[in-house]
Amino acid sequence: MPDQSTPPPQPGPVPELFTWEFAADPYPAYAWLREHAPVHRTRLPSGVEAWLVTRYADARQTLADPRLSKNPAHHDEPAHAKGKTGIPGERQAELMTHLLNIDPPDHTRLRRLVSKAFTPRRVAEFEPRVRELTEGLIDRFAESGSADLIHEFAFPLPIYAICDLLGVPREDQDDFRDWAGMMIRHQGGPRGGVARSVKKMRGYLAELIHRKREELPAEPAPGEDLISGLIRASDHGEHLTENEAAAMAFILLFAGFETTVNLIGNGTYALLTHPGQRERLQRALADGDRGLLATGVEELLRYDGPVELATWRFATEPVTIGGRHIAAGDPVLVVLAAADRDPERFADPDALDLGRRDNQHLGYGHGIHYCLGAPLARLEGQTALAALLTRLPDLRLAVEPDELRWRGGLIMRGLRTLPVEFTPSRR
């Protein structure tokens with residue numbers, strides 16, 4: 001059996017990973033890894049050594065393998081790697097007990113409590129609010145003829161939506177927007193900036209949970225906010241601690257906003273650089289056909305999705321993936337962006353086809369850790385793209401594609417800015 005000390009021979013040097021040039025277009029490097037080193041051990045920019053899994057079949061198997069734990073306690077980390085996995089600051093802020101860091105049975109219990117907020121019926125009930133937010137944000141720049149779609153549209157939409165879902169009062173939501181903005185801006189840079197924002201958010205959530213607990217009515221009202229639901233569970237025998245409630249609210253905000261920012265940003269950019277596909281979607285929307293919008297969002301998730309690498313996993317025992325031996329304690333990162341362009345799984349994988357039907361992409365993961373908020377993200381993505389293409393029909397890039405910059409960071413993939421131009425319009 002091959003092991004990590006005897007990797008298979010490779011034709012030529014491994015492409016350089018995690019540079020700014022790589023961030024702009026990682027797909028050629030991922031294609032090389034899929035073909036020549038599909039399970040590849042590398043040193044990350046943080047100094048942590050981890051395995052990258054790039055083929056679809058291996059990725060799907062790895063995402064569902066119970067021997068790969070989400071709990072960082074299983075990381076056999078050397079001294080120089082201490083605290084360099086996961087979200088900066090979450091350990092110090094006592095926010096570790098959330099869905100991205102735990103395994104069954106705790107994961108099963110907590111996911112069951114939160115899943116009630118993301119049922120198809122609850123998400124459908126939330127659609128008018130998402131549409132209202134979307135139209136209101138476009139109203140702010142529609143008459144100007146130009147905008148930065150990241151900061152003026154893709155970023156605030158999911159922040160305000162998830163704050164409404166959690167039950168953050170409207171007067172406090174701009175604070176959340178500021179903290180979330182600091183998290184995004186500091187990714188790829190010093191971890192201290194993110195950690196400070198996490199600490200502020202933790203303090204606010206503790207205060208909000210305390211306040212809501214004191215004001216909680218005896219019986220839940222229809223459409224009760226998620227934080228109130230978590231408090232109610234902790235007070236009625238579900239054994240949810242205050243730290244668990246705060247951590248759950250935190251991760252839903254943290255994971256729930258940036259994935260949607262990137263879905264809208266990356267998706268809009270893909271449409272603007274594939275005019276034939278964009279016009280195809282605009283024609284369908286003009287005809288009242290939203291079927292292509294639904295398959296189109298799935299294709300945008302596959303083609304250039306918001307999550308480049310799945311969050312950390314740690315081998316709890318020796319595991320073999322793709323013929324490579326993974327030692328107990330080793331970190332494993334599934335490269336969703338590589339798996340979703342695997343020619344062994346997808347026909348013509350580097351082409352954008354909004355009507356693609358056979359599209360079981362891994363953009364929101366697979367297995368018990370499949371993204372809980374995927375239905376809400378899909379609603380926000382579909383609503384945002386439909387509104388942009390309908391209200392700003394001649395939307396176009398205001399700069400050349402090679403002038404755009406992608407945010408540094410390991411897990412997420414998203415643009416720093418997306419400057420666009422269009423004919424000014426009124427509602």
Side-chain angles (χ1 to χ4, degrees), residues 87 89-90 92-102 106-107 109-133 136 156-183 196-257 260 372-373 375-377 379-380:
I87 300 169
E90 62 180 355
Q92 294 89 333
E94 298 184 324
L95 290 170
M96 293 291 290
T97 52
H98 57 68
L99 291 175
L100 296 185
N101 282 343
I102 56 175
D106 285 336
H107 176 271
R109 174 177 62 92
L110 294 181
R111 188 175 176 105
R112 185 181 69 250
L113 293 175
V114 185
S115 62
K116 299 168 188 174
F118 296 100
T119 61
R121 189 178 82 173
R122 184 72 189 276
V123 170
E125 290 171 351
F126 204 54
E127 182 175 5
R129 177 58 179 156
V130 173
R131 195 163 54 245
E132 177 189 6
L133 286 168
L157 173 59
I159 279 287
Y160 294 139
I162 198 70
C163 280
D164 280 355
L165 194 69
L166 288 170
V168 176
R170 299 278 171 92
E171 62 269 21
D172 295 342
Q173 291 185 6
D174 284 337
D175 288 334
F176 267 79
R177 180 177 174 170
D178 291 343
W179 297 329
M182 284 188 277
M183 289 180 186
R196 283 191 295 273
S197 300
V198 169
K199 185 177 180 180
K200 290 177 182 177
M201 197 174 287
R202 173 65 173 93
Y204 175 84
L205 287 171
E207 181 184 328
L208 181 62
I209 288 168
H210 177 73
R211 192 164 74 237
K212 282 183 176 287
R213 175 174 275 122
E214 289 193 330
E215 300 169 355
L216 199 67
E219 296 297 328
E224 181 177 67
D225 68 74
L226 183 53
I227 288 180
S228 294
L230 293 174
I231 294 167
R232 197 177 296 282
S234 67
D235 287 344
H236 289 81
E238 288 281 6
H239 310 297
L240 190 68
T241 68
E242 182 172 304
N243 272 353
E244 287 175 333
M248 187 65 66
F250 164 73
I251 200 59
L252 289 171
L253 182 79
F254 187 88
F257 88 86
T260 308
L372 189 66
L376 178 60
L379 168 63
E380 292 172 339

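All figures in this text were calculated on a predicted structure; none of them were measured in a lab.
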Return the set of residues passing side chain to side chain contact (heavy atoms under 4.5 Å, CB included) with [X] (not counting sequence neighbours), or none when no residue passes.
| X | result |
| --- | --- |
| Pro375 | Val123 |
| Pro169 | Glu171, Asp172, Tyr204, Leu208, Arg211 |
| Lys200 | Trp179, Met182 |

Would a 4.5 Å heavy-atom cut-off, applied to side chains only, mark Val168 and Tyr160 as touching? no
Can you tell if the side chain of Ile162 reaches within under 4.5 Å of the side chain of Leu376, non-hydrogen atoms only? yes
Contacts of type side chain to side chain donor-acceptor pair (under 3.5 Å), residue Glu127, not counting sequence neighbours: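 In terms of side chain to side chain donor-acceptor pair (under 3.5 Å), with neighbours along the sequence ignored, Glu127 is linked to no residue.
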Please name all residues satisfying side chain to side chain donor-acceptor pair (under 3.5 Å) with Arg170, sequence neighbours left out, ordered by chain then number.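 Arg170 satisfies side chain to side chain donor-acceptor pair (under 3.5 Å) with Asp164 once adjacent residues are dropped.
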Compare every heavy atom of [Y] with every heavy atom of [X], then report the nearest pair and how far apart it is.
| X | Y | value |
| --- | --- | --- |
| Ile227 | Leu205 | CD1-CD2, 4.3 Å |
| Ser228 | Leu216 | CB-CD1, 3.7 Å |
| Leu165 | Phe126 | N-CZ, 4.1 Å |

Set of residues satisfying salt bridge (charged side-chain N to carboxylate O under 4.0 Å, His left out) with respect to Asp225, sequence neighbours excluded: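 Asp225: salt bridge (charged side-chain N to carboxylate O under 4.0 Å, His left out) contacts with Lys212.
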